[in-house]
2 protein chains.
Amino acid sequence: MPNEIARDSGKPRYLQIADDLADQIRAGVLAPGSRVPSESTVMERYGVSQGTVRKAVAELRTAGLVETHHGRGSFVRQLPPVRRKSSDRFRRSHRANGKAAYLAEAEQAGQHPTVQVLYIGPVHAPAEVAHRMNLPDGERVLARRRRYFSDGTPTEEATSYLPWTVATEIPELFDENPGSGGIYARLEEHGHALAEYVETVRARLATKAEVSALQLSPGSPVIHLVRDAVTCGGRVVEVCDTVMAADRFVLDYRIDADG
Amino acid sequence: MPNEIARDSGKPRYLQIADDLADQIRAGVLAPGSRVPSESTVMERYGVSQGTVRKAVAELRTAGLVETHHGRGSFVRQLPPVRRKSSDRFRRSHRANGKAAYLAEAEQAGQHPTVQVLYIGPVHAPAEVAHRMNLPDGERVLARRRRYFSDGTPTEEATSYLPWTVATEIPELFDENPGSGGIYARLEEHGHALAEYVETVRARLATKAEVSALQLSPGSPVIHLVRDAVTCGGRVVEVCDTVMAADRFVLDYRIDADG
DNA sequence: CAGTGGTCTAGACCACCAT
DNA sequence: TGGTGGTCTAGACCACTGG
């Protein structure tokens, strides 16, 4: 039985209902994956109108407790385990076993990773990418766009950009699977020894495209990460643009205190 | 004059209105800081009811284009310039001029930084902090809680935690201003030479407390950063927990490709 | 088909802010 | 005080999902 709703309390009714439902979710009365009572049920149970119930459920949605599907209902979210992205995931020594960074990390976390290649081919460099590579705006570059899944649910979408002159040196970069150790191994084999990576981290709300690509609820935050791969000669030979569901990742960075 | 609203288009009316207003904002017809037409004005202009207008404005709010104040109206947001947080901001060499990291960075960005000290004193270590410092849960630690402003608007709230035994060695840690170079300089002067920092980055939606502390709109994303300061002996002598408005910061990290 | 969520209206009352 | 946004209702119709 639900808690009673105080008709006169200072708190809006829709928030009282949202809190009540949230408590039931946290207490396990509403288990992960189970259906939240339908709008009409909640209307009757608390004696409120549909609009009020909808605002309550909207609260649960933006709190990330619930996801709702038109015509089916709202369901308690079962969050996929959070994955860590460690700043040493691109160390050469980790390439020894031949795994690409993503697969190695995911498997270590006990998950079943999948990669879907969306596009490999030439594109005009977006402004930010061209700037980072020190190329003219709109210059032709190789794009490698792919979507990553863990246990079947999409978690991340990434696009790598490489200067066209670099890409044509390395046929494997046009393959869906660039081979053991990933594209960084291929770059280094072809004389582009890497000195460092520079990562830029932003967070923002997901765009509509990202909401559908990553199966998010509208209003969810994403982490937007852009990484430059810099050679010993100071040249940026790859820019990787990644968008991740914010609630599925934690990023770790080690920073030397140096002198 | 506003674009006409197609009564029959597939798109919901509230989204058409939201897009129309968003266009006016982006085109500068509605300038930053200016008032969005009141609900009743919009109702009349587009011939819709209040509920529809409210949903439209809610869209603009979650898109970060507008902020609304009860009894006053909705206003086009003027975003403070984005600030970069570089991973080398804690280098010892940067402490030579005596500035703390935050002030040095903000001034370099041409902004007027302010710090407000909220609390300095003992607290029971939160679980995550205790774990990182390898202390028993709830152990007494020194907390230094402060809020940072740039040009008067709050951008970030941070709490540093230090083991009580370390804190009592260093009287300056109980002062509002810990002196030239900040608390890291004090720690190193007292025999805690720092080897590295480990930063953990998450993004999520702001809690209600954060919404009010950082003057955000509900549903805004924040960046949550937790940093350990690790001595050469491997001891964590400080944990700094920071919450930033996501739209005001970009984080930069350099990662050695190493061997 | 019945049941679900999604949109919309017309009208009411309240809470906040300025004057 | 009048104007603003915030909550709520009762009822309507539409769009999607499932059996």
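Below, chains carry the letters A, B, ... as their sequence lines are ordered, and counting in each starts from 1.
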Exercise. Between atom CD in Q50(B) and atom P in dT9(C), what is the gap in whole Å?
Worked result: 11 Å
Exercise. Looking at dG6(C), dG6(D), dT9(C), which one has an atom nearest to any side-chain atom of T52(B)?
Worked result: dT9(C)
Exercise. Is the number of heavy atoms from other residues, nucleotides or ligands under 6.0 Å of E44(B) CD greater than 12?
Worked result: no
For this session: Specify the separation, in whole Å, of atom CZ of R54(A) and atom C1' of dC13(D).
Result: 14 Å
Seminar exercise, completed: Among the nucleotides dT4(D), dG6(C), dC8(D), whichever has the atom closest to the side chain of S38(B) is dT4(D)
For this session: For the residue pair T200(B) and R132(B), confirm or rule out a side-chain donor-acceptor distance under 3.5 Å.
Result: yes
Seminar exercise, completed: Between CZ of R13(B) and C1' of dC13(D) the distance, given in whole Å, is 13 Å
Exercise. Is R146(A) reaching over with its side chain to a backbone N or O of R144(A), donor-acceptor style, under 3.5 angstrom?
Worked result: yes
For this session: State whether a side-chain donor-acceptor pair under 3.5 Å links R13(A) with S49(A).
Result: no
Show me the protein contacts with nucleotides 15-19 of chain C, counting only N or O atoms at under 3.5 Å.
unit_1  : atom_1 : unit_2 : atom_2 : d
dA15(C) : N3     : H70(B) : NE2    : 3.1

For this session: Indicate the atoms forming the closest heavy-atom contact of E210(B) with L205(B), along with that distance.
Result: OE1-O, 4.4 Å
Exercise. Roughly how many Å is it from CG in L15(B) to P in dG6(C), rounded to a whole number?
Worked result: 13 Å
Problem set entry | R35(A) CZ to dG18(D) C1', straight-line distance once rounded to whole Å | 11 Å
Seminar exercise, completed: Out of dC8(C), dG6(C), dC8(D), minimum distance to the side chain of Y14(B) belongs to dC8(C)
Exercise. Please give, in whole Å, the distance from dG5(C) C1' to K55(A) NZ?
Worked result: 18 Å
For this session: Would you indicate, yes or no, if dG3(D) has its OP1 or OP2 atom less than 4.0 angstrom from a side-chain nitrogen or oxygen of T41(B)?
Result: no
For this session: State whether S40(A) places a side-chain N or O below 4.0 Å from either non-bridging phosphate oxygen (OP1 or OP2) of dT4(C).
Result: yes
For this session: Report the residues that fulfil ring-ring contact (aromatic ring centres under 6.0 Å, His included) with Y253(B), sequence neighbours left out, ordered by chain and then residue number.
Result: Y253(A)
Seminar exercise, completed: When rounded to whole Å, the CD to P distance for the pair E59(A) and dG6(D) reads 13 Å
For this session: Might you point out which heavy atoms bring L30(B) and P37(B) nearest each other, and give the distance in Å?
Result: CD2-CD, 4.3 Å
Exercise. Rounded to the Å, how far apart are I17(A) CD1 and dC8(D) P?
Worked result: 8 Å
Seminar exercise, completed: Between G51(A) and H69(A), whichever has its closest DNA chain D nucleotide further toward 5' is G51(A)
Exercise. Counting only side-chain N and O atoms of T68(A), is one of them less than 4.0 Å from OP1 or OP2 of dG6(C)?
Worked result: yes
